[in-house]
> 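Attaching a single structure in structure tokens format; questions to follow.
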Amino acid sequence: MKLLKDILYKVNINAVVGDTSIAVDAIDFDSRQITAKAVFVAIRGTVVDGHNYIDKAVVQGAAAVICEVLPEQQISGVTYIEVKNSNKALAVMASNYYDAPSENLKLVGVTGTNGKTTVTTLLYQLFKNAGYKVGLLSTVKVMVDDVAYEATHTTPDSLTINKYLKMMNTAGVEFCFMEVSSHGIHQSRTEGLTFEGGVFTNLSHDHLDYHNTFAEYRDVKKLFFDGLGKHAFALSNADDKNGTVMLQNTNAKPYTYALKNHANYKAQILENEFSGLLLSIDGSEVWTRLIGNFNGYNVLAIYATAELLGLEKVEVLRLISALESVSGRFQYLVSNKKITAIVDYAHTPDALKNVLETINSIRTKNESLITVVGCGGDRDQTKRPKMAHIASALSTKVIFTSDNPRSEAPEAIIEAMEAGVEPQNFKKTMAIVDRKQAIKTACQLAEANDIILIAGKGHETYQEIKGERFDFDDYNMVASLLKQLEK
């Protein structure tokens with residue numbers, strides 16, 4: 001139980017109707033969850049406007065309502081607070097309600113188009129191996145030291161974030177690594193959090209269904225670094241053309257990392273094989289089981305972050321050599337017939353290009369590279385032909401199939417993809433709507449030493465079709481199919 005006025009500390013308030021000294025015992029932005037003595041925060045969502053549910057929340061017992069526009073009819077005994085931005089108000093209130101949990105640990109946010117999950121998860125793994133109590137907020141899962149929770153969003157809502165951070169405080173967690181998505185930044189989910197540092201991985205084509213333009217997408221990412229405090233560090237990829245943009249005007253201490261350009265932290269790829277990478281980092285060699293040039297950047301970001309957080313260089317290099325790959329990120333197996341199957345989350349043009357170029361840089365070209373790829377429904381449509389163009393240009397054979405079609409017809413998504421295939425590459429491609437059949441066909445086409453890439457879903461263990469989720473795990477599926485075909 002807390003006083004409303006204490007929860008409202010640092011919230012930008014326009015008007016107050018009622019008593020802010022009342023005691024409240026919950027905050028929520030979902031009117032269905034409101035009970036007696038709860039605070040209802042009316043959020044303007046992309047589909048639903050919470051202001052339309054204020055009356056319902058009051059009927060269910062809301063003691064206070066936070067909104068951007070005061071309702072015409074106000075109920076006696078209920079406190080109404082008008083704010084400029086309900087999302088920001090919710091985030092600040094969530095932090096206050098859970099006793100500012102981010103201030104009691106070292107929280108590092110990682111943002112960028114690709115690499116967020118890999119960097120945060122491997123930092124969690126590295127610091128755990130170093131003997132610390134560690135937290136993780138990622139696309140794949142949430143970890144409160146050793147206890148795992150299912151993740152629902154790349155960046156959860158601000159109430160959920162602070163709830164987990166409070167749990168981490170209780171568990172004695174010292175460091176927490178958190179994915180920070182552009183949606184999360186734009187919707188102020190990280191407002192009110194105290195970050196020890198921020199990491200920028202890269203920026204490429206994604207989420208233009210939400211942000212409208214690439215410039216808007218970039219500027220939203222930059223907002224995260226603009227909000228870092230003077231005590232924090234801001235670590236940015238100097239090889240990305242937007243890397244310096246992220247550091248402009250930040251109050252944090254700026255640092256850079258790069259494989260090509262001048263930077264505070266430098267690395268060079270000495271060997272790149274399916275068994276891993278040999279890197280030279282700041283003059284010291286380290287072997288990692290991670291694969292591909294893009295993972296060279298991820299490893300360097302991890303190294304730099306760990307050193308900025310106070311770990312010794314030699315210890316960090318030792319811990320990097322023990323890191324294991326992240327589920328659904330260049331996760332591979334080799335069948336008894338010497339067919340290599342790779343499952344990767346690559347769902348943007350740049351990520352797909354990186355994975356395919358990595359495979360092509362390692363393979364001898366005497367074997368075929370068969371790519372199975374689709375695009376998600378109800379998402380950025382402009383990347384569909386680009387994905388198909390890249391897949392058909394860099395693969396021996398390509399099978400276009402369903403990803404998560406959601407409410408769209410998968411046939412229409414595939415047709416939009418095929419528009420990006422150049423005429424000389426048409427004969428390389430085929431379309432198989434059913435994802436299981438597409439993977440099975442790739443397995444049937446593959447011969448000894450061939451490589452199958454299954455892209456787009458990575459760690460996901462479901463397919464979303466017409467509002468329903470069906471069990472589907474790319475890695476388990478290809479492993480099972482290859483085993484069956486070898487009998």
> Could you tell me whether the side chain of Y475 reaches within less than 4.5 Å of the side chain of I454, counting heavy atoms only?
no
> At what distance, to the nearest 0.5 angstrom, does CD1 of I390 lie from CG of L356?
8.0 Å
> Distance check, rounded to the nearest 0.5 Å: T371 atom OG1 versus M387 atom CE?
10.5 Å
> Please report the shortest heavy-atom distance between T348 and S204, naming the atom on each side.
OG1-OG, 4.2 Å
> Does any N or O in the side chain of Y303 come within less than 3.5 Å of the main-chain N or O of K266, such that one atom is a donor and the other an acceptor?
no
> Pick from E460, E179, K116: which one makes a side chain to side chain donor-acceptor pair (under 3.5 Å) with T139?
E179
> Taking S368 for its side chain and D450 for its backbone only, find out whether a donor-acceptor pair lies under 3.5 Å.
no
> For the residue pair R189 and N87, establish whether any side-chain heavy-atom pair is separated by less than 4.5 Å.
no
> Does a side-chain heavy-atom distance below 4.5 Å link D6 with N96?
no
> For F175, check ring-ring contact (aromatic ring centres under 6.0 Å, His included) against everything at least two apart and list the hits.
F127, Y132
> Scan side-chain atoms only and decide if S325 and Y332 contain a donor-acceptor pair under the 3.5 Å cut-off.
no
> Between S236 and G243, is there a donor-acceptor pair closer than 3.5 Å when you use the side chain of the first and the backbone of the second?
yes
> With sequence neighbours excluded, what pairs up with E315 under the salt bridge (Lys or Arg N to Asp or Glu O under 4.0 Å) test?
R318
> Look at the side chain of N202 and the backbone N and O of N114, then say whether any donor-acceptor pair between them is shorter than 3.5 Å.
yes
> Please name all residues satisfying side-chain hydrogen bond (donor to acceptor under 3.5 Å, both in side chains) with D28, sequence neighbours left out, ordered by chain then number.
none
> What pair of heavy atoms forms the shortest contact from S182 to V220, and how long is it?
O-CG1, 3.3 Å
> Between K222 and N249, is there a side-chain heavy-atom distance shorter than 4.5 Å?
yes
> Test H459 against T117 for side-chain contact (heavy atoms from CB on, under 4.5 Å), laying out the working first.
CA-CA 10 Å; H459 65 280; T117 301; 5.8 Å; no
> Within the distance-only criterion (no hydrogens, no angle test), does the side chain of S86 pair as donor or acceptor with the backbone N or O of I43 below 3.5 angstrom?
no
> Sequence neighbours left out, what passes salt bridge (Lys or Arg N to Asp or Glu O under 4.0 Å) with D99? Give chain and number order.
K2, K166
> Apply side-chain contact (heavy atoms from CB on, under 4.5 Å) to the pair T305 and F233, showing each step before the final yes or no.
CA-CA 9 Å; T305 301; F233 66 82; 4.0 Å; yes
> Compare all side-chain heavy atoms of I320 with those of L279 and state whether any distance is below 4.5 angstrom.
no
> Can you list every pair that meets salt bridge (charged side-chain N to carboxylate O under 4.0 Å, His left out) and has a residue in residues 468-482, with sequence neighbours left out?
R435-D474, E464-R469
> Where do S402 and Q463 land on the side chain to side chain donor-acceptor pair (under 3.5 Å) test, with the steps shown first?
CA-CA 9 Å; S402 301; Q463 258 196 303; 4.7 Å; no
> Could you pull out all residues at least two apart from D403 that satisfy side-chain hydrogen bond (donor to acceptor under 3.5 Å, both in side chains)?
none
> So, using ring-ring contact (aromatic ring centres under 6.0 Å, His included) as the criterion, who are the partners of H389 when residues are at least two apart?
none
> So, the side chain of K106 versus the backbone of G197: is there a donor-acceptor pair under 3.5 Å, distance only?
no
> Does a side-chain heavy-atom distance below 4.5 Å link N295 with T288?
no
> Quick test of your reading: applying salt bridge (charged side-chain N to carboxylate O under 4.0 Å, His left out), list the pairs with at least one residue in residues 132-153, sequence neighbours left out, ordered by first then second residue.
K128-D145, K128-D146, K133-D145
> Would a distance-only check, ignoring hydrogens and angles, find a side-chain to backbone donor-acceptor pair under 3.5 Å from T250 to A252?
yes
> Would you say that M143 contacts V134 through its side chain, given a criterion of any heavy-atom pair below 4.5 Å between the two side chains?
no
> Under the rule for ring-ring contact (aromatic ring centres under 6.0 Å, His included), what residues qualify as partners of F200, not counting sequence neighbours?
none
> Using the test ring-ring contact (aromatic ring centres under 6.0 Å, His included), find all partners of F274 that sit at least two apart in sequence or belong to another chain.
none
> Using modelled atom types and a 3.5 Å cut-off, is there a donor and acceptor pairing between side-chain atoms of K353 and backbone atoms of A391?
no
> Between L485 and C443, what is the shortest heavy-atom contact and its length?
CD1-CB, 3.4 Å
> Does the side chain of N354 come within less than 4.5 Å of N293's, by heavy atoms?
no
> Taking atom NZ of K313 as the centre, does the number of heavy atoms from other residues, nucleotides or ligands within less than 6.0 Å exceed 12?
yes
> Should we say atom NZ of K88 is surrounded by more than 12 heavy atoms from elsewhere, each under 6.0 Å from it?
no
> Look only at the side chain of D380 and the backbone of T382, and say whether a donor-acceptor pair between them is shorter than 3.5 Å.
yes
> Judged by atom type as modelled, is there a donor-acceptor pair below 3.5 Å linking the side chain of D157 to the main-chain atoms of T160?
yes
> Return the CE to OG1 distance between M246 and T201, rounded to the nearest 0.5 Å.
9.5 Å
> So, Q484 versus S480: side-chain donor-acceptor pair below 3.5 Å or not?
yes
> Restricting to non-hydrogen atoms, name the atom on V144 and the atom on A171 that form the minimum distance, rounded to 0.1 Å.
CG1-CB, 4.1 Å
> Please report the C-alpha distance between Y265 and D282 in whole Å, then the side-chain angles of each, then the deciding distance to 0.1 Å, and finally whether the side-chain contact (heavy atoms from CB on, under 4.5 Å) criterion is met.
CA-CA 7 Å; Y265 296 92; D282 286 345; 3.7 Å; yes
> For N264, which residues count as a side-chain hydrogen bond (donor to acceptor under 3.5 Å, both in side chains) partner, sequence neighbours excluded?
T256
> Can a cation-pi geometry be assigned to K457 and Y462, taking NZ or CZ under 6.0 Å from the six-membered ring centre and within 45° of the ring axis?
yes
> For the atom pair CG (N298) and OG1 (T120), what is the distance rounded to the nearest 0.5 Å?
10.0 Å
> How many angstroms lie between OG1 in T358 and CZ in F294, if you round to the nearest 0.5 Å?
4.5 Å
> Closest heavy-atom contact between A234 and F225?
CB-CD2, 3.9 Å
> Decide side-chain contact (heavy atoms from CB on, under 4.5 Å) for V373 and M417; before the verdict, give the C-alpha distance in whole Å, the side-chain angles of both, and the deciding distance to 0.1 Å.
CA-CA 10 Å; V373 64; M417 293 180 69; 4.2 Å; yes
> Determine the minimum heavy-atom distance between G292 and N272, stating which atoms define it.
N-OD1, 3.4 Å
> Taking atom CD1 of I359 and atom CG of L394, what is their separation to the nearest 0.5 Å?
10.0 Å
> How would you list, by chain and number, every residue that makes a salt bridge (Lys or Arg N to Asp or Glu O under 4.0 Å) with K221, sequence neighbours excluded?
none
> Assess the side chains of D239 and Y297: does a donor N or O sit below 3.5 Å from an acceptor N or O?
yes
